[in-house]
Protein chains: 2
Amino acid sequence: MTVKSTQVELDKAGMVLKLLGDKTRLSMMKLLQKNECCVCEFVEIFKISQSAISQHLRKLKDVGLVRETRKGQWIFYSLNQNSDVYELVQQILAFIPNQDERIIELEKQGLRIICE
Amino acid sequence: MTVKSTQVELDKAGMVLKLLGDKTRLSMMKLLQKNECCVCEFVEIFKISQSAISQHLRKLKDVGLVRETRKGQWIFYSLNQNSDVYELVQQILAFIPNQDERIIELEKQGLRIICE
DNA sequence: TGACCATATAAGTATATAATGATATGGTAT
DNA sequence: ATACCATATCATTATATACTTATATGGTCA
């Protein structure tokens, strides 16, 4: 039997856990697990300022947990599957309840951004 | 195939991750995974005040991650296996490198407390 | 009992964090 | 080009956090 779990340096793991230790970011990451989202969608979902959302995403990006792709006028964020802590993140997110009603709600309000 | 991972409420998961997002506490938890430790041992290991250690342990205890047992004049801490987030914690700790050299070091210095 | 020890709590301080509003940046499209 | 839009950054503020020292608590054991 092989236990497949890449070890993560203590400092790095600490950084990741601290990032995920914020309710907003944790919820964002859970959403990104199944959906690409852009900043303005997060603003709608979390009801905090665009600035605050942007800063959260920057932190996640700085540690390499998410990546961004421009599509038309929007920048879409998604999980960075090449992160060296991707597996850790996935394991953690597996425990978090689905946040998809938040996306459903967006769609109901006609605020979901669909590209391509 | 069954994915066995008890869902954990977002708020609760956030609390746990925030707690583990501190390097000292994360390291403590990893140590506790294999060893019972008392406050004075942690003081030696982490080289911070007894007060600081005590406060970290209190936070871990408040969320139910650890439990305490008195043995003689010492209070030993251990992982609380009955915690409703025990599985999550275990999954996370699996990614953290072993901290046992710290215990070995303690033993070398004759500072390891052994009871019973 | 009383002294002693390990641990907990209190009070204070410095730093980190999450938010805001205002402004800058930079791509899109007319 | 210029207006517009989404996003990023700056400056500031309020709150949270991790630490320290000093003191309290509460077992243990002579």
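Within every chain, numbering begins at 1; the chains are lettered A, B, ... in the order of the sequence lines, protein sequences first and strands thereafter.
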**Message:** Output the rounded distance in Å from CH2 (B:Trp74) to C1' (C:dC5).
**Reply:** 9 Å
**Message:** Taking any heavy-atom pair under 4.0 Å as a contact, classify B:Glu68: base, sugar-phosphate, or nothing.
**Reply:** sugar-phosphate
**Message:** Strictly below 4.0 Å, N to O, side chains only: are B:Asp22 and B:Lys59 in salt-bridge contact?
**Reply:** no
**Request:** Taking only the side-chain heavy atoms of B:Ser51 (C-beta and beyond), determine which of C:dT9, D:dC19, D:dT7 contains the nearest atom.
**Result:** C:dT9
**Prompt:** Does NZ belonging to A:Lys23 count more than 12 external heavy atoms closer than 6.0 Å?
**Reply:** no
**Asked** Just to confirm, is there a sub-4.0 Å distance from OP1 or OP2 of D:dT20 to any side-chain nitrogen or oxygen of B:Ser49?
**Response** yes
**Below 4.0 Å: OP1/OP2 of D:dG26 and any side-chain N or O of B:Arg70** = no
**Asked** Looking only at side-chain N and O atoms, does A:Lys71 come under 4.0 Å of OP1 or OP2 in C:dG27?
**Response** no
**Complete:** Between A:Thr24 and B:Phe76, the residue closer to the 5' end of DNA chain C by nearest nucleotide is B:Phe76
**Asked** How long is the line joining CG of B:Leu57 and C1' of D:dC19, in whole Å?
**Response** 15 Å
**Prompt:** Any idea which of D:dA6, C:dC5, D:dT7 is nearest the B:Gln73 side chain?
**Reply:** C:dC5
**Message:** Measuring only between side-chain heavy atoms, which start at C-beta, is B:Glu41 closer than 4.5 Å to B:Leu31?
**Reply:** no
**Message:** From CD of B:Glu36 over to C1' of C:dA6, roughly how many Å is that when rounded to an integer?
**Reply:** 16 Å
**Complete:** Rounded to whole Å, CD1 of A:Ile113 lies from P of D:dA6 at a distance of 7 Å
**Request:** Specify the separation, in whole Å, of atom CD1 of B:Ile75 and atom P of D:dT25.
**Result:** 15 Å
**Item:** Between C:dA6 (C1') and B:Leu111 (CG): distance, integer Å
**Value:** 15 Å
**Asked** Under 4.0 Å between a side-chain N or O of A:Arg58 and OP1 or OP2 of D:dT9?
**Response** yes
**Request:** Answer yes or no: does a side-chain N or O of B:Tyr77 lie under 4.0 Å from OP1 or OP2 of C:dA6?
**Result:** no
**Request:** With heavy atoms under 4.0 Å as the rule, sort A:Lys59 into base, sugar-phosphate or nothing.
**Result:** sugar-phosphate
**Prompt:** Ignoring hydrogens and angles, does a donor from either the side chain of A:Gln55 or the base of C:dT17 sit under 3.5 Å from an acceptor on the other?
**Reply:** no
**Request:** Specify the separation, in whole Å, of atom NZ of A:Lys47 and atom P of C:dA19.
**Result:** 15 Å
**Asked** NA contact type, A:Lys18, heavy-atom cut-off 4.0 Å: base, sugar-phosphate, or nothing?
**Response** sugar-phosphate
**Prompt:** Can you tell me if A:Arg25 uses its side chain to pair, donor with acceptor, with the backbone of A:Leu19 under 3.5 Å?
**Reply:** yes
**Message:** Walk me through whether B:Arg112 and B:Asn35 qualify under side-chain contact (heavy atoms from CB on, under 4.5 Å).
**Reply:** CA-CA 11 Å; B:Arg112 181 84 167 125; B:Asn35 316 272; 3.8 Å; yes
**Prompt:** Quick one: B:Gln50 CD to D:dT21 P, roughly how many Å, whole number?
**Reply:** 12 Å
**Request:** Counting heavy atoms from C-beta on, name the nucleotide in C:dT7, D:dA18, D:dT7 closest to the side chain of A:Val39.
**Result:** D:dT7
**Message:** Could you check whether any side-chain N or O of B:Gln55 sits under 3.5 Å from a backbone N or O of B:Ser51, counting only pairs where one atom can act as donor and the other as acceptor?
**Reply:** yes
**Prompt:** Is the shortest side-chain N/O distance from B:His56 to OP1 or OP2 of D:dC19 below 4.0 Å?
**Reply:** yes
